[in-house]
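Take a look at the structure below.
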Amino acid sequence: MRKHLKERLALALNSDDLKLIKTHCDLDKIICSGWASRKHALGCVAFWAKYAENKRSTTVLTGMAQRVCVSQSRRKYRGASRVLLQQISTAAVCYWLNDTCPACHGRGYHVDYDKQTATQHECQTCHGTRLRTYPSAAQCAIEMEQERFERIFADLILAIDQALQDYVRASLYTLR
């Protein structure tokens with residue numbers, strides 16, 4: 001059943017004739033996703049890579065992220081070679097696909113169970129953000145000043161997050 005749904009979604013994403021049926025059906029969500037993917041390709045690919053764990057989408061996302069990273073860095077005069085920017089974008093995609101805090105498993109807190117009470121304590125690793133900390137340039141084996149690396153890395157993570165949000169918003173907007 002799940003494979004059949006993926007096939008229908010893939011057909012909707014590549015269809016030239018996307019029309020909603022007057023009566024609601026399960027395909028409405030798939031069709032809306034197809035419409036949204038035309039304007040929000042990065043968000044669509046990011047969605048498939050992260051939530052459907054599609055290997056092909058991960059490869060495509062890495063390539064798209066590299067182009068976005070190079071474009072952003074050139075536009076903001078961050079100055080780095082194309083090879084370094086591609087390495088940063090590859091590291092950013094790897095981080096983005098697995099960004100939950102390993103200590104609290106993305107909850108943002110730890111629960112301590114005493115005899116009769118349970119108390120929650122903020123996770124000391126992520127400080128309640130639920131996210132892993134960004135890697136350093138040295139951890140990614142990239143020779144660059146840490147401050148510039150962090151700016152480029154954070155800008156790309158924000159661009160991917162925004163693209164995903166735009167894609168989901170556009171997919172859901174049509175269903176209203």
Side-chain angles (χ1 to χ4, degrees), residues 1-22 24-100 106 129-135 137 140 142 144 148-176:
M1 175 80 175
R2 190 167 193 220
K3 183 178 180 183
H4 184 64
L5 181 64
K6 285 182 182 180
E7 289 172 358
R8 291 189 307 182
L9 182 55
L11 287 173
L13 292 175
N14 295 320
S15 176
D16 291 334
D17 183 25
L18 298 174
K19 295 180 183 173
L20 284 175
I21 301 169
K22 289 191 185 225
H24 292 291
C25 68
D26 291 338
L27 288 178
D28 287 346
K29 294 174 187 168
I30 295 171
I31 293 168
C32 291
S33 173
W35 279 336
S37 71
R38 292 184 177 220
K39 280 191 172 181
H40 306 284
L42 178 61
C44 178
V45 170
F47 178 85
W48 277 92
K50 188 163 188 164
Y51 299 110
E53 298 176 5
N54 184 310
K55 302 280 188 223
R56 184 177 157 279
S57 295
T58 302
T59 304
V60 173
L61 176 62
T62 302
M64 292 175 91
Q66 288 174 350
R67 289 189 294 279
V68 168
C69 185
V70 170
S71 174
Q72 279 183 341
S73 296
R74 299 289 187 252
R75 191 174 63 246
K76 294 180 180 184
Y77 301 106
R78 295 264 161 81
S81 72
R82 181 177 291 273
V83 173
L84 280 177
L85 293 173
Q86 288 175 341
Q87 290 173 348
I88 292 170
S89 61
T90 301
V93 168
C94 289
Y95 168 86
W96 186 82
L97 290 173
N98 186 20
D99 60 354
T100 57
T129 64
R130 302 175 176 189
L131 300 173
R132 288 189 302 144
T133 57
Y134 287 166
C140 295
I142 297 173
M144 179 184 277
R148 189 167 61 158
F149 171 82
E150 286 175 3
R151 278 196 308 263
I152 294 170
F153 192 91
D155 283 349
L156 185 56
I157 294 293
L158 287 173
I160 295 171
D161 280 339
Q162 187 62 49
L164 178 65
Q165 289 174 12
D166 291 344
Y167 166 71
V168 170
R169 189 177 304 114
S171 294
L172 296 176
Y173 180 77
T174 313
L175 291 172
R176 293 182 188 169

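Residue numbers count from 1 along this sequence.
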Assess whether side chain to side chain contact (heavy atoms under 4.5 Å, CB included) is satisfied between Val93 and Ile160, documenting all intermediate values.
-> CA-CA 9 Å; Val93 168; Ile160 295 171; 4.2 Å; yes

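- To the nearest 0.5 Å, atom SG of residue Cys69 and atom CD of residue Gln87 are 11.0 Å apart.
- Side-chain N or O atoms of Tyr95 include none that pairs as donor or acceptor with a backbone N or O of Thr133 at under 3.5 Å.
- Looking at residues two or more places apart in sequence or on another chain, you find a side-chain hydrogen bond (donor to acceptor under 3.5 Å, both in side chains) between Thr90 and Gln66.
- For the residue pair Leu85 and Ser73, the shortest heavy atom distance occurs at CD2-OG, 3.3 Å.
- Counting heavy atoms from C-beta outward, Phe153 and Pro135 have side chains that approach closer than 4.5 Å.
- Contact detail for Ala65 and Leu156: the closest heavy-atom pair is O-CD1, 3.7 Å.
- The distance from the CD1 atom of Ile152 to the CD atom of Gln72 is 9.5 Å, given to the nearest 0.5 Å.
- Taking both residues in full, the closest heavy atoms of Leu61 and Val45 are given as N-CG1, 3.5 Å, listed atom of the first, atom of the second, then distance.
- Side-chain atoms of Ser89 come within 3.5 Å of backbone N or O of Gln86 as a donor-acceptor pair.
- In this structure, the side chain of Arg130 does not engage the main chain of Thr100 through any donor-acceptor pair within 3.5 Å.
- The shortest heavy-atom contact between Leu42 and Ala159 is CD2-O, 4.4 Å.
- To the nearest 0.5 Å, the span separating CG on Leu164 from CD on Gln162 amounts to 9.5 Å.
- Annotation: salt bridge (charged side-chain N to carboxylate O under 4.0 Å, His left out) contacts involving residues 152-161, sequence neighbours excluded, comprise Lys76-Asp155, Arg78-Asp155.
- Residues Met144 and Ile88 form a side-chain contact, since some pair of their non-hydrogen atoms from C-beta on lies under 4.5 Å apart.
- Between Trp48 and Ser57, the shortest heavy-atom contact is CB-OG, 3.4 Å.
- Applying the salt bridge (charged side-chain N to carboxylate O under 4.0 Å, His left out) test to pairs two or more places apart or on separate chains, those with a residue in residues 46-75 are Lys50-Asp99.
- Pairing each heavy atom of Phe149 with each of Cys140, the nearest pair is CZ-SG, 3.9 Å.
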